[in-house]
Structures are given as C-alpha cells and as structure tokens.
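Start at 1 and go down the list; that is how both ligands and their atoms are numbered.
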Amino acid sequence: MSNTVKTQVVVLGSGPGGYSAAFRAADLGLDVVLVERFSTLGGVCLNVGCIPSKALLHVAKHLVDAQNMEHEGVKFGKPEVDIDTLRAHKNKVISQLTGGLGGMAKMRKVNVVNGYGKFTGANTLAVEAEDGSVTEVTFDNAIIAAGSKPVKLPFIPHEDARIWDSTDALEMPFIPENMLILGGGIIGLEMGSVYSALGAKIDVVEFMDQLIPAADKDIIKSFTKSISKKFENIMLETKVIAVEAKEDGIYVSFEGKKAPAEPVKYDAVLVAVGRTPNGGLIDADKAGVEVTDRGFINVDNQLRTNVPHIFAIGDLVGQPMLAHKAVHEAHVAAEVIAGKKHFFEPKVIPSIAYTDPEVAWAGLTEKEAKEQGIKYETAIFPWAASGRAIASNATDGFTKLIFDKENDRLLGGAMVGSNAGELLGEICLGIEMGADAEDLALTIHAHPTLHESVGLAAEVYEGSITDLP
Ligand code: FAD
C-alpha cells in the first residue's frame with residue numbers, strides 16, 4: 001500500500017533539531033511533514049538522552065546529599081531503592097515531554113508521518129511504516145535531522161545483556177554490584193554518577209590523560225578529585241583490550257598506565273565511547289547529498305548541504321553533539337527556507353556535565369586560546385571563599401574566567417561545583433554581548449549566591465580581590 005504527500009518542507013527525524021525545525025517552519029507559515037521512525041517525538045534527547053538522564057541524576061543527587069548530612073546533625077538510614085518505581089518515574093517524565101511535543105505538532109498542523117525515511121530522489125523521500133506501508137513524500141525543501149547513535153566497539157560482545165550502551169543503562173535492567181564505565185566522557189560519567197548513588201561500585205577507564213577531555217585541565221583536576229571520593233577506580237591513560245562475557249560476569253582486560261594486571265570481573269559494563277552520526281543510513285546520495293566517510297553531512301553557515309534546497313542540522317552535522325546546538329541550527333534552517341537571511345554563527349555553545357559536582361564551560365577554553373595564539377589571562381574564584389558554598393556544603397568547586405589581555409573582554413569561562421550548569425548562563429550571555437571584566441565586576445550579584453562567584457572572579461582579574469585562600 002502506498003500514500004503520497006506533497007509538502008513545502010519535510011523534516012527527517014524528530015529530535016530537538018527536527019521538532020524545532022518543523023515547529024519554526026510551521027510558525028512561519030510553511031506546510032510541514034515531520035518524519036519519525038519511532039512512535040514518540042523527541043529523538044534521543046527526550047527519549048533516551050538528556051531528559052531521562054537528568055531525571056535519574058536528580059534522584060541520585062538527593063540520595064548522595066542525604067547521606068552526607070551527618071556532620072550537619074542529620075542522619076538518614078540506608079536508602080531503599082525501588083528500581084521499578086524509579087524507572088516508572090523516569091518514563092513518566094519522558095512521556096510528559098514527548099506527549100507535549102505531540103500536542104504542539106498537532107496545534108501547528110505539522111503532519112507527522114511515522115516510519116523509516118530514505119531519500120529516493122532530490123525531491124522525494126519514501127517513508128516505510130512498521131506495517132510495511134510506504135508514504136511517498138514529495139518536497140520543495142528538506143531538513144535532515146536524523147541524529148546519531150552510540151559507537152559500538154568491534155571486540156566487545158554488545159549482544160550480551162550485561163554490556164550496555166547509554167540507552168540500556170537508562171532502562172535500568174538491574175543495579176549491578178560493580179560496573180565499568182568504558183569512556184570518561186560526559187555521558188559515561190553521568191550514568192556512573194547515577195549508578196554510584198544507587199549503590200554500584202564504579203570503575204572508569206579512559207584512554208586520554210584526563211576525564212572529559214574537551215574541558216580545561218584545572219577544572220577537570222578539581223572534578224576528578226571530587227568524583228574519586230565516589231568512584232572506586234579511575235584508570236586514565238588506560239585502554240580496554242578485551243572483553244569476555246562469561247556466565248558469572250564480564251571479564252575485562254586492560255592495558256596502559258593504570259591497567260590492573262589481571263582481567264577484572266564486572267556485573268555490567270557501560271560502553272560510552274562516543275556517538276556516530278546517522279548520515280549514512282538515509283540514502284542521502286539518491287538526493288545528491290554528500291555524506292562523509294564517518295556519516296557526517298557538511299553544511300554552510302545557513303545549514304545548507306551541497307544540494308541547495310536540502311539542509312542538515314544537529315548531531316549529524318558535527319560536534320558538539322548537543323541538543324541546544326541542534327535547536328538553534330534548526331531555527332536558522334527553517335528561517336532560511338522561509339526566506340529570511342539568517343546565519344548560524346554562535347560565539348558560545350555551552351557544555352555541561354550534570355555530574356556531582358557539575359562541570360560547565362562556555363566560550364574559549366584555555367587550551368583553545370593557546371592554540372589560537374590569543375593573549376589571555378585567567379581569573380579564578382574558589383568556592384571555598386564563597387559564603388553560599390560554605391553554607392551549602394559545596395566548597396568543592398571554583399569559577400574560572402578567561403579574558404582577552406588586550407581589551408579585557410570575556411572570552412570563556414568554566415566552573416566545577418554543585419549546580420555549575422545553572423550558573424553558566426551569565427558567562428554565555430557575557431561572551432555573546434562582548435562583556436568585559438568591568439561589566440561583570442560592576443554588576444551587582446545577589447548575596448549569598450554561587451553566581452556571585454562570576455562577579456568575584458572578574459574582581460580577581462581586576463586586582464580588587466587579592467586575599468583568596
Ligand atoms: P536526535 O535526538 O538523535 O534525533 C534524531 C531522530 O531522528 C530520532 O528520533 C531518530 O529516531 C530519527 N531518525 C533517524 N533516522 C531516521 C530515519 N531514517 N527515518 C525516520 N526517523 C529517523 N545533549 C545536551 O545538550 N544536554 C544533555 O544533557 C544531553 N544528555 C545526553 C545524555 C545521553 C545519555 C545521550 C545519549 C545524549 C545526550 N545529549 C545531551 C545529546 C543530545 O541527546 C543530542 O545532541 C540531541 O538529541 C541531538 O538532536 P538531533 O535532533 O540532532 O538528533
């Protein structure tokens with residue numbers, strides 16, 4: 001059976017990129033078809049990414065905080081975790097948001113077509129539903145937003161139910177007694193924080209010489225010191241060379257600086273070594289769209305591919321693979337199709353690890369400033385000197401600002417500490433608006449707050465604070 005639909009804009013994929021593009025295009029008066037292979041909208045972020053991980057991290061933080069209040073005079077008993085209720089709570093959070101998206105699509109008269117979409121020509125896409133029926137979509141413009149999926153390693157028996165990717169870990173099949181996180185990036189560390197709070201003993205192995213390799217060394221040094229109190233073993237400059245699934249556990253062999261001499265037995269292994277784009281899975285070549293060997297689609301600063309009426313956004317156009325980047329790209333692509341002369345040229349795409357403590361950074365890192373030969377100076381305000389941090393038992397952290405030495409402009413900023421992600425907004429806005437140290441230092445920040453640390457770091461830069469611990 002086959003259906004035919006004609007539209008001004010087809011959007012392939014309904015993640016943060018896809019639904020944002022579809023909604024913006026519809027709001028601008030365009031006729032839109034949104035293609036999604038799964039029954040819910042929202043893509044990785046809402047279904048198996050940002051949102052479920054944060055629902056679990058929220059619970060994890062409360063569990064850890066409650067256990068750490070003894071010296072403040074409050075002692076709780078050992079927490080009892082009902083994993084089925086926790087999973088149901090997480091699923092409810094997801095369905096609240098994905099259901100909301102369904103309503104928003106309906107309200108805008110976006111035509112959602114469920115099924116797997118592949119190009120059949122420069123203006124045609126075939127969408128095959130689960131029951132085998134096909135919808136032929138003829139379009140004037142297309143926005144490819146097909147996202148990414150977890151990288152699998154060839155020597156790992158991924159089919160074993162105890163070897164997880166992030167989607168499996170979020171499903172919480174069981175709470176392992178001990179667990180290896182393979183890959184010290186944001187996704188692995190967030191899931192490690194969840195399982196550690198639920199009672200699992202966590203080992204992390206990372207090939208590079210620091211966790212979260214994209215962030216500056218000093219920030220990560222402080223983070224690693226804090227997280228080492230929760231995790232059993234952090235093995236940097238070490239790699240996994242073999243993984244064997246046996247009846248009594250997963251046996252992992254290591255090589256490198258911190259490698260244990262013998263294979264270690266784990267109840268579960270989370271493979272979190274990155275994500276790979278889905279660009280190669282949609283027959284883009286049939287539309288004439290070039291896809292790189294790695295599955296990325298190259299675009300210009302209006303998100304246009306090499307085929308002028310076909311755009312691409314989100315994870316499959318490159319790093320950073322983040323939801324907020326996808327959303328902003330989506331808006332530009334939809335607006336360009338609607339005839340606006342807009343461009344995607346952000347100064348800042350913030351990054352946050354929602355671990356405990358959180359790690360957050362935006363703008364230039366020190367490493368990037370060095371690489372670009374920029375004369376910069378950093379200013380640090382340690383949270384050990386913050387009244388709010390001391391009152392909240394959150395002194396493990398600091399705020400760092402990076403200024404252009406020539407004009408005192410804010411180039412970048414980073415924080416490690418409780419709720420650092422929520423405090424990053426001021427730094428993002430400051431960089432986008434071209435703020436300098438004086439702007440930040442003269443802005444009256446409320447006291448006592450952690451965001452005060454931004455103004456205080458600017459005062460450190462200006463030399464008006466010199467007596468820090
Ligand atoms: P996706 O969200 O990947 O959506 C693509 C959609 O396209 C999917 O629904 C897929 O089913 C559909 N699709 C693909 N191919 C086809 C096809 N051929 N036909 C039909 N449909 C198709 N980012 C953040 O910014 N903050 C976070 O806190 C954060 N946490 C994360 C936690 C985890 C565990 C993971 C895995 C990711 C996290 N991310 C986070 C990353 C974020 O989820 C992605 O950057 C974001 O979802 C990318 O959006 P997208 O629109 O490009 O694609």
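Classification of Asp27 and Arg108 as a salt-bridged pair holds, one side-chain N sitting under 4.0 Å from a carboxylate O. Comment: Glu177 does not engage Lys265 in a salt bridge, judged by the lack of any side-chain N to carboxylate O separation of less than 4.0 angstrom. A salt bridge links Lys286 with Asp283: the distance from a Lys NZ or Arg NE/NH1/NH2 to an Asp or Glu carboxylate oxygen falls below 4.0 Å. Salt-bridge annotation for Lys400 and Glu366: present, with a side-chain N of the basic residue lying under 4.0 Å from a carboxylate O of the acidic one. A salt bridge is absent between Lys367 and Glu371; no separation between the charged side-chain nitrogens and carboxylate oxygens falls under 4.0 Å. Checked for salt-bridge contact, Glu190 and Lys54 meet the test: a charged N lies under 4.0 Å from a carboxylate O.
A cation-pi arrangement is absent between Arg37 and Tyr116 under the rule of less than 6.0 angstrom and at most 45 degrees off the ring axis.
Heavy-atom distances between Lys149 and ligand 1 stay at or above 4.0 Å for every pair. Using 4.0 Å as the threshold, Lys54 has a heavy atom nearer than that to some atom of ligand 1. Using a 4.0 Å heavy-atom cutoff, Ser20 is absent from the residues neighbouring ligand 1.
Residue contacts with ligand 1 for Ser148 involve N, CA, C or O but no side-chain atom from C-beta outward (heavy atoms, distance under 4.0 Å). Residue-level proximity to ligand 1 for Arg275 is carried by the side chain, the only part with a heavy atom below 4.0 angstrom. Counting heavy atoms under 4.0 Å from ligand 1, residue Tyr116 touches it through both backbone and side chain.
For ligand 1, the atoms lying closer than 4.0 Å to a non-hydrogen atom of Ile187 are 33 (C), 34 (C), 35 (C), 36 (C), 37 (C). Ligand 1 places these atoms under 4.0 Å from at least one heavy atom of Cys45: 2 (O), 43 (O), 47 (O). Set against the non-hydrogen atoms of Leu12, the atoms of ligand 1 under 4.0 Å away are 17 (C), 19 (N), 20 (C). Close contacts between ligand 1 and Ile282 involve ligand atoms 18 (N) [criterion: under 4.0 Å to a heavy atom]. Each of the following atoms of ligand 1 lies closer than 4.0 Å to a heavy atom of Gly117: 17 (C), 18 (N), 19 (N), 20 (C). Near Gly115, meaning under 4.0 Å from any of its heavy atoms, are these atoms of ligand 1: 19 (N), 20 (C). Those atoms of ligand 1 with a heavy atom of Gly17 less than 4.0 angstrom away are 51 (O). Near Met321, meaning under 4.0 Å from any of its heavy atoms, are these atoms of ligand 1: 41 (C), 45 (O).
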Practice task
Could you walk me through whether Val134 and Val127 pass side chain to side chain contact (heavy atoms under 4.5 Å, CB included), step by step?
Solution key: CA-CA 5 Å; Val134 176; Val127 185; 6.0 Å; no
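For atom 22 (C) of ligand 1, the nearest non-hydrogen atom of the protein is Arg37 NE, 3.8 Å. Looking at atom 25 (O) of ligand 1, its nearest protein heavy atom turns out to be Ala323 N, 2.8 Å. Scanning the protein heavy atoms around atom 52 (O) of ligand 1, the nearest turns out to be Asp315 N, 2.9 Å. Nearest to atom 29 (C) of ligand 1 among the protein's heavy atoms is Cys50 SG, 3.4 Å. The closest protein non-hydrogen atom to atom 5 (C) of ligand 1 is Ala145 O, 3.4 Å. The protein heavy-atom contact nearest to atom 32 (C) of ligand 1 is Gly49 C, 3.4 Å. Atom 3 (O) of ligand 1 has as its closest protein heavy atom Val44 CG2, 3.1 Å. For atom 53 (O) of ligand 1, the nearest protein heavy atom (residue, atom name, distance) is Gly147 CA, 3.3 Å.
Separation of the Trp164 and Phe174 ring centroids falls under the 6.0 Å cut-off.
Counting only residues at least two apart or in different chains, side chain to side chain donor-acceptor pair (under 3.5 Å) contacts with residues 226-235 comprise Ser226-Asp396, Lys229-Asp396.
Ring pair Phe139/His309 is tilted by interplanar angle, where 30° to 60° counts as tilted. Between Tyr19 and Phe23, the ring planes lie tilted relative to each other; the angle falls in the 30° to 60° range.
Of the polar atoms of Leu322, at least one N or O is found under 3.5 Å from an N or O of ligand 1, judged by distance alone. Residue contacts with ligand 1: Tyr354 is placed with no nitrogen or oxygen under 3.5 Å of a nitrogen or oxygen of the ligand (distance criterion only).
Closest approach of Gly147 to Leu316, counting heavy atoms only: O-CB, 3.7 Å.
The side-chain hydrogen bond (donor to acceptor under 3.5 Å, both in side chains) check on Glu36 picks up Ser14, with sequence neighbours excluded.
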